[in-house]
**Q** 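Below are the C-alpha cells for one structure; questions will follow.
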Amino acid sequence: MKLSTLTRHWPFRLQLRFLLPLVVVLVAAANLAVPLMDQVTLRWFSRDLNSRGMLVANALSDSVSDALMAGHTDKLQPLFERALQDERLFAIGLCSPRGELLLHTEAFPTLSCDAAAALARQAEPRLNLAGGPVHVGVHNVMGTPPPPPTPEVPDGFVGPPAPVPAAAPVAAAPQQPVLAGRLVLLHDMSFIERRSEDTRNYLVGLIAGLGLVIAVITVVVAQLSWRGWVNGARALMRGEVLFSPLPSGPSSAPAGEALAPELIPLANELRNRMRDLEDEFRRSQGLHTEWNAERLRALLNTHISGDQVIVVSNREPYIHERTADGVIVKRPASGLVTAVEPVMRACSGTWVAHGSGSADRDVVDAHDRLPVPPGQDDYWLRRIWLTAEEEQGYYYGFANEGMWPLCHVAHVRPVFRESDWEAYKAVNQRFADAVVAEARSEDPLVLVQDYHFALLPAMVREKLPQATILTFWHIPWPNPESFGICPWRKEILDGMLGSTILGFHTRYHCKNFIETVDRYLEARIEHEHSTIAFREKETLVESYPISIEWPQEEAMRNWPSVEACRQRVTERLGLPQDLCLAVGVDRFDYTKGILERLNAVERLLEKWPQWIGRFVFVQVAAPTRSALEEYRSFQERIERVTARINERFSRPGYQPVHLLAAHHEPDAVNELFRAADMCVVTSLHDGMNLVSKEFVAARDDLQGVLILSRFAGAARELAEALIVNPYHVEETADALHRAASMPAAEQRERMASLRSTVRESNVFRWAGRMLLDAGRWRLRARIEARVRRHQAP
Ligand code: G6P
C-alpha cells in the first residue's frame, strides 16, 4: 500500500498525532546520543594516543638514554626530526630529570617540563594550541650511568702486590638504572575531531533513517489497526458481535465477525452498560407490569367478576396451639401455605382446611370459622375437624405413605392400604361438602390444593357444575409407569379431571400427567391446546411455576441489617465470628436430600481441610409427619450422621454441623438467611422448592450463594444458582467449596439476577396467570351456554 493511499484513508491530524511524538523522541535521542558518542570516541583515541606515545618513547629511549648519559644531546635533534615524519606526532621535547627543557623540535610550544608533566597526569591530557588541540604525553627515559674510571698504574712501578682482602668482591657491582630524562611527546588531535565529526554525521544519518523507517511502519500498522478498530467498533454498534459469545478459550471462536482482541474490553463494557440499561428499563416497566396484590385484586374484579374464592387445602395457614404461656398462633412450614396465603389476603374469600392445632377449636365461631390473619381479618378460615382414624387413614396413610412417595421418586416405597383409601375418599367428600356449603353462588372459584384432594374436584363438580375449579398439584407428577403402581389410579385421575384447570409447576409434570391419562383413561387429549376432554367436560392442563410474595419495601426497611442478623445468629449458636456459614431450611423429609447434604459437608472438610474450623453448616429441620415410621427413622439417621461428622471434625470451640430440629417462625428463618454465606437446597425431587426463593428474597444486600438441586422445579427458573446433582457427593462438595470461595462481585451478579427473576415471577403472577386462564374459560363457558339457550327449540 502506498503512503499516499494511507494518508488518504487516514485523517491528517491523526497521522500528526502519531508522527509528532515520534519526531520529538528522535530529536531528543539524537541530542543525547551525539555528545555521548563524542565523549566515548575521545576517550578511545586518548587511550590510543597514550599507547602510541609509549611505542615512540620506547623506540627512542635507547638512543635518548645513551645521548643523555654521554652528555651529547645535540645528536638527538636529527633523530627527533625523523620521528616527526609520523604525521600524528606534532612535536617532541626532552627534559632533564630536574625539569629543564634540554631539547625540542621546532613546533614545540612554549611549555615548561613541569606544566607538561601536570597536563599528562590529567584524565584528558589535552593542550589547546592555535592550530588545534594536541595530546600531551610524558615518558621517563631510564639510563645506566657509566662505571667510575679505574685508577691507572704508573709505568715501571714495581712493588709488592697490594694485599687482597679475603672478602673483597672480585668484580664491581652493576650500576642501577636511574632517571636520565623525560620525553615530552605532543600528538596532533585534529584528526580525532575529524573522525568524531564523521561518526556524528553517520549517527545522525542512522537515527534519521531509522526514524523514517519507524515512521512509515507506524503509519502502516496504525492505519491497518485503525481500519480494524473502526470496522470492529461499527460491528459493535450494530450489535453484530455484542451479543454473540466472546471467545472464552483458544478453541472457541466467536459467532459472526471476529472481534479484534483490543476491542473485547470495549465490548464487555458496552454489554454491561446495555444490561444496566435493560435492568433499568425493566425496573421502570415493572412499575406498570409487576404482579402484586392490587393487580390480582383488580383482575378478580374485572375477569372473575368479583366472584367468591374458596381455597381448599389440608394444611391450614394459621395453627392455634395451647402452650404453658397460653394460646399461640403458629405459621406452618409448608410451601403451599407460603404461596397461597398472600393470594388469599389479596382475594379475601374462604380457606377450608384441617383444624390441626390443639387450641384450634377454642378460637372458631359457631360455623367453625375465624377471620385471619390475626388482627388483620383479610379472609375467613373454615376449619374441618378430623377424627384420629380419619387423619391416620387419609393424611398419614393414603396421602403421605401412598401419594407422597408415589409422586416423589425418592426411593421410598409407596404403601397403599384399602382402609386408607376409604378414609381418603370419605375425607375428600367431607371437604367437598364443606366447599359446597361455603359457596354463595352456583359458580364460585374453587382453588383446590395438592395431593390430599385428588378426588375433591369431581365431587364439587357434581354438586356445583358451574363452579370454576382450579386444582394445583404442589408436588411432582411421575411418569405413567410409576403412577401405575397406585391401585386406584383411574379413580384418582377421574377425580382430578373434575377440575377446570389442572396446574403443575413444570411442563414436564404436565406432560407426565397427560401421558398418564392417555395410558389409563378413555379420554380425548388435544396436545396442541393441552386439554383433556373426559365425561363431556374439558380440563386445561397447564404449568404455573409457583413462587413467593416479594417482600414489601417497607417490610424490607424494617429488617435488621445483615451484620446484625449475623451477630445474633453466631451469638445464639456460639459460632466463631470469622466463619463461612451455610444454612439449610427444610421439613424433616426424606425428599429434601438432607443426608446427601451432610455427606457433601463431610466430603468438603475431608477434601479441603482448610475449612475445618471455618465452615459451619446449620440445618433447620422442622419435624413433620412424625407419626410415620419412615419419617422417624429418617430423623434418627440424620441425627446419627450429624453426630458422626461432628465427632470427626470438631475442635475446641468448633462444631461443623448444627442440627436445629425444631419449627422456626418466618422471621427466624429470614434472620438465618440474612446471616448466611450460602443456602443449600439439595432436594432429591421437589415440585418447586420455595426455600430457595425465600433465601433470594432475603438477600437485599445482593450477597450469598444459592446451591440448588437440579431435581427441584426451581432449578428451571433460578439458573444463576450453583446447580448440583445431590446424589453426586463430590459435585455437591465442590459446589460448597466454590460457594465458600466465591468473590463478592460474582455473588452480587448472580444474586441480582436471581432477585430480578423471583421478584418478577412472584406468587401473584402465579395466581394471576391461573385466574386469567380461569376467567377466559368461564367467559367461553358462558358464551357456549347462551348459544345453547338460543339454539334450544
Ligand atoms: C409439601 C406439600 C404441602 C404440605 C407441606 C407440609 O409442601 O406440598 O401440601 O402442606 O409439604 O407438609 P405437611 O404434611 O406438614 O402439611
Side-chain angles (χ1 to χ4, degrees), residues 311-319 321 330-341 343-344 351-357 360 381 383-384 386 390-408 410 412 420 424 427-428 431 447-454 456 471-478 503-506 509 544-548 585-594 620-628 630-632 634-635 661-666 669 681 683-694 709 711-714 763 766:
V311 166
V312 196
S313 77
N314 171 70
R315 187 57 64 202
E316 57 181 341
Y318 296 93
I319 306 175
E321 293 284 5
K330 271 175 52 178
R331 302 283 310 276
S334 157
L336 177 158
V337 170
T338 307
V340 179
E341 211 272 336
V343 175
M344 274 308 271
W351 187 326
V352 182
H354 171 211
S356 57
D360 271 0
L381 172 59
R383 284 174 170 154
I384 306 285
L386 297 179
E390 280 174 328
E391 193 177 357
Q392 180 57 47
Y394 138 82
Y395 171 74
Y396 286 115
F398 195 80
N400 286 318
E401 284 191 291
M403 295 298 280
W404 180 265
L406 178 77
C407 292
H408 288 93
V412 168
D420 292 344
Y424 188 79
V427 172
N428 267 250
F431 274 76
L447 308 180
V448 183
Q449 308 300 315
D450 233 351
Y451 60 98
H452 308 90
F453 296 113
L456 184 137
T471 300
F472 193 79
W473 201 258
H474 289 257
I475 62 176
W477 189 271
F504 295 92
H505 291 295
T506 66
H509 297 152
Y544 304 98
I546 206 167
S547 193
I548 55 162
V585 177
D586 303 88
R587 286 182 303 103
F588 234 136
D589 196 299
Y590 53 80
T591 61
K592 299 295 178 187
I594 301 174
V620 167
T624 181
R625 308 171 194 169
S626 321
L628 297 178
E630 197 68 54
Y631 282 79
R632 277 200 310 274
F634 177 71
Q635 183 164 344
H663 175 77
H664 281 54
E665 284 296 312
V669 171
V681 176
S683 315
L684 304 180
H685 205 179
D686 217 331
M688 173 54 70
N689 189 286
L690 293 183
V691 166
S692 55
K693 296 190 174 182
E694 286 176 320
S709 163
F711 305 120
V763 75
W766 168 75

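For the numbers below, each heavy atom of this structure counts, side chains included, while hydrogens, waters and symmetry mates do not. Please read all numbers here as calculations on a predicted model, not as lab measurements. Indexing begins at 1, ligand by ligand and atom by atom, following the structure's order. In this chain, numbering begins with 1 at the start of the sequence shown.
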**Q** Under 4.0 Å from a heavy atom of Arg315: which atoms of ligand 1 are those, numbered in the order shown and with their elements?
**A**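 Those qualifying, in numeric order: 10 (O), 13 (P), 14 (O), 15 (O), 16 (O).
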
**Q** Any side-chain heavy atom of Ile594 within less than 4.5 Å of one from Phe634?
**A**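 Counting from C-beta outward, Ile594 and Phe634 do come under 4.5 Å.
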
**Q** Below 4.5 Å, heavy atoms only, C-beta onward: do Trp477 and Thr506 meet side chain to side chain?
**A** no

**Q** Any atoms of ligand 1 less than 4.0 Å from a non-hydrogen atom of Ile475? List them with their elements.
**A** 8 (O)

**Q** Taking both backbone and side-chain atoms of Asp450, is any N or O found less than 3.5 Å from an N or O belonging to ligand 1?
**A**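 Indeed, backbone or side chain, Asp450 has an N or O that close.
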
**Q** Heavy atoms only, cut-off 4.0 Å: how does Val337 contact ligand 1, side chain, backbone, both, or neither?
**A**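 Contact part for Val337 vs ligand 1: neither.
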
**Q** Looking only at heavy atoms, what is the nearest atom pair of Asp686 and Pro476, with distance?
**A** C-CG, 3.9 Å

**Q** Working to the nearest 0.5 angstrom, can you tell me the gap between Tyr451 OH and Leu336 CG?
**A**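 Between atom OH of Tyr451 and atom CG of Leu336 there are 9.0 Å.
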
**Q** Indicate, as side chain, backbone, both or neither, the part of Gln449 found under 4.0 angstrom from ligand 1 when only non-hydrogen atoms are considered.
**A**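 No part of Gln449 comes within reach of ligand 1.
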
**Q** Within a distance under 4.0 Å of any heavy atom of His474, pick out the atoms of ligand 1 and give their elements.
**A**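 Ligand 1 atoms under the 4.0 Å threshold to His474: 8 (O).
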
**Q** Only one of Phe504, Tyr544, Phe472 passes ring-ring contact (aromatic ring centres under 6.0 Å, His included) with Trp766; say which it is.
**A** Phe472

**Q** Within the 4.5 Å heavy-atom criterion, are Glu401 and Glu630 side-chain neighbours or not?
**A** no

**Q** Starting from atom 12 (O) of ligand 1, what is the nearest protein heavy atom, named by residue and atom, and what distance separates them?
**A** Arg625 NH2, 2.9 Å

**Q** For ligand 1, which atoms have a heavy atom of Ala333 less than 4.0 angstrom away?
**A** 6 (C)

**Q** Tell me which protein heavy atom sits closest to atom 6 (C) of ligand 1, plus the residue, atom name and distance to 0.1 Å.
**A**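 Of every protein heavy atom, Arg587 NE, 3.4 Å lies nearest to atom 6 (C) of ligand 1.
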
**Q** Looking only at heavy atoms, what is the nearest atom pair of Ala333 and Arg587, with distance?
**A**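 Shortest heavy-atom separation between Ala333 and Arg587 comes out as O-CD, 3.1 Å.
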
**Q** Please confirm whether the backbone N or O of His474 pairs with a side-chain atom of Gln449, one donor and one acceptor, at under 3.5 Å?
**A** no

**Q** Checking contacts here: is it the side chain or the backbone of Ser313 that comes within 4.0 Å of ligand 1, counting heavy atoms only? Could be both or neither.
**A**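 Looking at Ser313 and ligand 1, no heavy atom falls under 4.0 Å.
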
**Q** What residue and heavy atom of the protein are closest to atom 7 (O) of ligand 1, and at what distance?
**A** Gly335 N, 3.9 Å

**Q** With the side chain counted from C-beta on, respond yes when Asn314 and Tyr394 share a heavy-atom pair under 4.5 Å apart, and no when they do not.
**A**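 The answer is yes; the side chains approach within 4.5 Å.
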
**Q** Need the ligand 1 atom indices (1-based, order shown) with element for anything under 4.0 Å from a heavy-atom of His452.
**A** 9 (O)

**Q** State the atoms of ligand 1, each with its element, that fall below the 4.0 Å cut-off from a heavy-atom position in Tyr395.
**A** 13 (P), 14 (O), 15 (O)

**Q** Check ligand 1 against Thr624 and write out every atom of the ligand that is under 4.0 Å from a heavy-atom position of the residue.
**A**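 The atoms of ligand 1 under 4.0 Å from a heavy atom of Thr624 are 15 (O).
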
**Q** Nearest protein heavy atom to atom 5 (C) of ligand 1, by residue and atom, and its distance?
**A** Ser334 OG, 3.7 Å

**Q** Please report the interatomic distance OG(Ser334) to CD(Glu341), rounded to the nearest 0.5 Å.
**A**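 Reported to 0.5 Å precision, the distance equals 11.0 Å.
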
